[in-house]
There are 2 protein chains.
Amino acid sequence: MALEHAILISLAERSASGYDLARRFDASIGHFWRASHQQIYKVLARMEADQWVSAQVIPQGSRPDKKVYEITDAGHEELARWLAVPTPPEHVRSEFTVKLRALHLLDRSLVFEAVAARRAEHEQRLLAYEESAQKFFPSPADLADEQLGPYLALRGGIRLERNGIEWCDEIAHTLEAR
Amino acid sequence: MALEHAILISLAERSASGYDLARRFDASIGHFWRASHQQIYKVLARMEADQWVSAQVIPQGSRPDKKVYEITDAGHEELARWLAVPTPPEHVRSEFTVKLRALHLLDRSLVFEAVAARRAEHEQRLLAYEESAQKFFPSPADLADEQLGPYLALRGGIRLERNGIEWCDEIAHTLEAR
DNA sequence: GGGCGCATGTAAAGCGTTACATGATTGC
DNA sequence: GCAATCATGTAACGCTTTACATGCGCCC
């Protein structure tokens with residue numbers, strides 16, 4: 001159950017409304033833990049009941065009211081506790097790889113298309129990551145302490161996409177060679 | 001909803017009982033799509049109702065009866081249909097990366113431990129994959145058509161673990177340098 | 001006039017994990 | 001005696017996705 005904790009980390013950086021969090025998830029943490037706004041609202045309600053966060057309603061005139069959440073002391077404690085617990089091994093869950101296993105049941109041309117499409121996705125994300133890196137961490141040698149984590153996370157994303165691209169190329173080459 | 005289809009692929013290779021499938025998932029497909037036996041039994045029941053598979057009960061004397069499932073024509077059709085549908089982009093879901101983002105909230109020594117533990121997991125899986133590769137695909141240049149998919153899937157696993165190890169090393173080096 | 005952004009949710013259904021349940025055989 | 005392997009499930013719970021719902025303001 002890590003969505004709670006992902007939200008705590010995000011709120012520890014800066015207080016935010018559910019809507020803000022949803023956008024933040026789209027933009028940054030979401031690269032490693034996706035969450036919809038519906039889910040975020042539900043979890044926030046539970047977290048408020050558990051007093052990990054406290055909310056303040058801010059009227060905004062024409063726009064709908066905003067509920068800005070802030071992490072509480074109890075929330076910080078829970079976050080520290082969770083961070084210290086060893087992370088269980090993660091399992092890959094890849095529909096693409098499942099399909100790949102059965103490639104002989106499919107037209108070769110369709111396989112090429114699928115691999116090309118996946119490669120393009122990797123490339124697009126890689127580009128986005130590299131732009132983020134350039135923008136937020138132009139000088140990685142001298143990062144502030146709080147930036148180190150986000151920087152290394154982004155590095156992981158970049159590695160993942162590059163690796164994905166290389167794998168797609170290997171698949172394509174292997175298929176071409178027959 | 002890919003478990004159904006992962007099972008169809010497995011049954012297309014060879015008929016099997018739920019128990020067999022569970023072990024097969026532990027050993028091979030499970031590297032890319034984990035499933036518990038409970039889940040497999042539940043899904044098999046639904047697939048039988050949908051007539052994607054048919055079951056034959058085999059008494060075994062002392063041992064409990066076996067229900068061996070076989071893919072039907074409708075199952076093959078469904079599998080072909082599904083294989084041809086473009087795979088939606090996959091999202092990473094990594095608790096480790098979420099934690100990594102908040103590394104500044106944790107003792108440096110705990111971070112090193114966590115990274116070392118993760119590196120060890122990668123290394124262990126890499127070793128297992130490389131043994132599989134050696135054992136099942138000793139001569140990748142001349143593979144049968146049906147082996148190509150499993151081989152390339154395994155290659156993906158090997159790449160993933162190597163990449164994970166390199167990332168762990170990068171994290172450790174970056175942290176040591178400060 | 002239509003679509004997008006802001007802002008918050010409810011409801012239903014499906015998917016997945018964990019715990020529980022049974023019972024014989026084989027190996028240490 | 002104890003654990004593991006074979007073999008199949010049920011039940012409860014929690015997480016996730018998808019669909020539905022509302023309503024104003026801004027821009028083209």
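Throughout, protein chains are lettered first and strands after them, A, B, ... in sequence-line order, and every chain is numbered starting at 1. Worth saying up front: this structure is predicted, and the values here are computed from it rather than measured.
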For the rings on A:H31 and A:Y129, is their centre-to-centre separation under 6.0 Å?
-> yes

How about B:Y69 and B:W52: are their ring centroids closer than 6.0 Å?
-> no

Quick check on [N]: is either OP1 or OP2 less than 4.0 Å from any side-chain nitrogen or oxygen of [X]?
X	N	value
B:S36	C:dT18	no
A:R23	C:dG5	no
B:R46	C:dC15	yes
B:Y19	D:dC6	yes
B:Y41	D:dG9	no
B:R34	C:dG16	no

Where the side chain of B:K99 meets the backbone of A:V85, is there a donor-acceptor pair that is under 3.5 Å apart?
-> yes

[X] side chain, from C-beta outward: closest of [options]:
X	options	answer
B:K67	D:dT8, C:dC6, D:dT16	D:dT8
B:Q38	D:dT8, D:dT10, C:dT17	D:dT10
A:S17	C:dA12, D:dG9, C:dT8	C:dT8
A:Y69	D:dG9, C:dT17, C:dG9	C:dG9

Taking atom types as modelled and ignoring hydrogens, do the side chains of A:E95 and B:H5 form a donor-acceptor contact shorter than 3.5 angstrom?
-> no

Atom [atom1] of [X] and atom [atom2] of [N]: how far apart are they, to the nearest Å?
X	N	atom1	atom2	value
B:H37	D:dA11	NE2	P	15 Å
A:R24	C:dA7	CZ	C1'	16 Å
A:D26	C:dA7	CG	P	15 Å
A:M47	D:dC15	CE	P	12 Å
B:D65	C:dT25	CG	P	14 Å
A:K42	D:dC20	NZ	C1'	13 Å
A:W33	D:dC15	CH2	P	10 Å
A:Q39	C:dA12	CD	P	19 Å

